[in-house]
Protein chains: 2
Amino acid sequence: MKHTEKRNEILSAALELISEQGFHKAPMSMIADKAGVGAGTIYIYFENKDALINEIYLELEKKITSAIQEGYSASQPIKERFIHLWIGLLQYIIEHPLHFRYMEQYHNSPYGASLRRDRILGKTGNKSIFKDLFEEGITNHNVKDLPIIMLFALSFGPMVFLARDHTLGLIKLQDGHITQAAAACWEAIKNK
Amino acid sequence: MKHTEKRNEILSAALELISEQGFHKAPMSMIADKAGVGAGTIYIYFENKDALINEIYLELEKKITSAIQEGYSASQPIKERFIHLWIGLLQYIIEHPLHFRYMEQYHNSPYGASLRRDRILGKTGNKSIFKDLFEEGITNHNVKDLPIIMLFALSFGPMVFLARDHTLGLIKLQDGHITQAAAACWEAIKNK
DNA sequence: AATGGTAGAATGAACATTCATTCTATATTT
DNA sequence: AAATATAGAATGAATGTTCATTCTACCATT
């Protein structure tokens, strides 16, 4: 087995266990077993458990970012672009429940809190496609002139709730529901 | 110190530590210290750590439920009632950041996974002020005819995001922001 | 002195991490 | 080509730490 392959085995074993059981119920020994690898081997590929956890997060983020860009056309009206991105992201979440559960866990842990703080308060070239879209919308008076972070909350808060309910089986999201929810979020942020 | 007092000392020490550090970084010994009590004493008042954790959750739930009912006037128009409840709940969260952080932790843990928000939603016959309001709105065509759980997501998803950002110090919510957010949520669910 | 309640030390289980040893694949020599 | 040497990768038992929970000696009250 090649170096990269083994690394990926470890990453995906950890992703699966942590998503399903949480950080504390996913011991390194169990991750090693699931990856078909010795416990010590993990430490050849990752400095420690924290590093492994952060690495998984970064990889998921990369995948999600590239997934939602797909089919994005900068030439469309802003409303259509917003709805395209919103639906694309929710679609991704529904198709990758483990990824979503992992991100949730991460965000609700010290790991995620400090990362988020750095991202938002630090000024290190933190651009995102959504941020760009919101800024454009504010400039052109298509979107309410609110702090970006509030626009994020209005757009993604409902999405996360819906995704959670869906993965928990409390609701079976139909295409119609998704379209309606996207439109409702647009109505929440659009300028009247 | 009376029996009830000591019990409360333990509950509030645990609430504070767990809110700030998370379940696993809040050892029983530390809770005991903070409560000014021996470690073993906690086991006189609570069967084990799980029981303590669940008890805190139940007490918080009771407090929050009664707090949001305050000043609620069933005779007002539905929009005003919605905004009153929404702002009241966010206000409570802002004034009790520890309570909010605790609830968040709990929901994102094995403990809370089962309970979930059917409590607040009143899925199990348990009357809920929100559910009633949404149902009334749908009947009278003031609110979009969507599944209750979606209306819930649209209304409270943004609130949870805002509260999280606020308690993390990422945003300082002004009264104006809160009012605007409440109005935006109403716009998301109202019938056009 | 007997009772009831409490403190905090003792216990043992779970876990992350380390490290001495074994294995494997490639290079070097014959 | 076969035989041997070597680097570095992999292993998993051992270690030290952190906890939840239990146990015992002590204190206050009667």
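Hydrogens, waters and symmetry mates are skipped; everything else that's a heavy atom, side chains included, is used. Treat the numbers as computed from the prediction; the structure is a model and nothing was measured.
Atom OH of Tyr43(A) is separated from atom C1' of dA10(D) by 15 Å (rounded to the nearest Å). In this structure, NZ of Lys49(A) is placed 15 Å from P of dA14(C), rounded to the nearest angstrom. One atom, CD of Glu47(B), and another, P of dT21(D), lie 9 Å apart when rounded to the nearest Å. Rounded to whole angstrom, the span from the CG atom of Asp33(A) across to the C1' atom of dA16(C) amounts to 15 Å. Straight-line distance from the CZ atom of Phe46(B) to the P atom of dT21(D): 13 Å, rounded to whole Å. The separation between Ile44(A) atom CD1 and dT21(C) atom C1' is 13 Å, rounded to whole Å. What separates CD1 of Ile42(B) from P of dC19(D) is a distance of 14 Å, to the nearest Å. Rounded to whole angstrom, the span from the NZ atom of Lys6(B) across to the C1' atom of dA7(C) amounts to 9 Å.
Toward the 5′ end of DNA chain C lies the nearest nucleotide of Val37(B), the other residue of the pair Ala26(A) and Val37(B) mapping further downstream. Comparing His24(A) and Thr41(A) by the nucleotide of DNA chain C whose heavy atom lies nearest to each, the residue mapping closer to the 5' end is His24(A).
What you find for Tyr102(B) and Ile53(B) is that their closest heavy atoms are OH-O, 2.7 Å.
Less than 6.0 angstrom separates the ring centroid of Phe152(A) from the ring centroid of Phe134(A).
Side chain of Ala39(B), nearest nucleotide from dA7(C), dA9(C), dA10(D): dA9(C). Ranking dT21(D), dA9(D), dT17(C) by closeness to the Asn48(B) side chain, first place goes to dT21(D).
Residues satisfying the ring-ring contact (aromatic ring centres under 6.0 Å, His included) test with His99(B), not counting sequence neighbours, are Tyr92(B), His96(B).
Here His24(A) contributes atom NE2 and Ile18(A) contributes atom CD1; the two are 10.5 Å apart, rounded to the nearest 0.5 Å.
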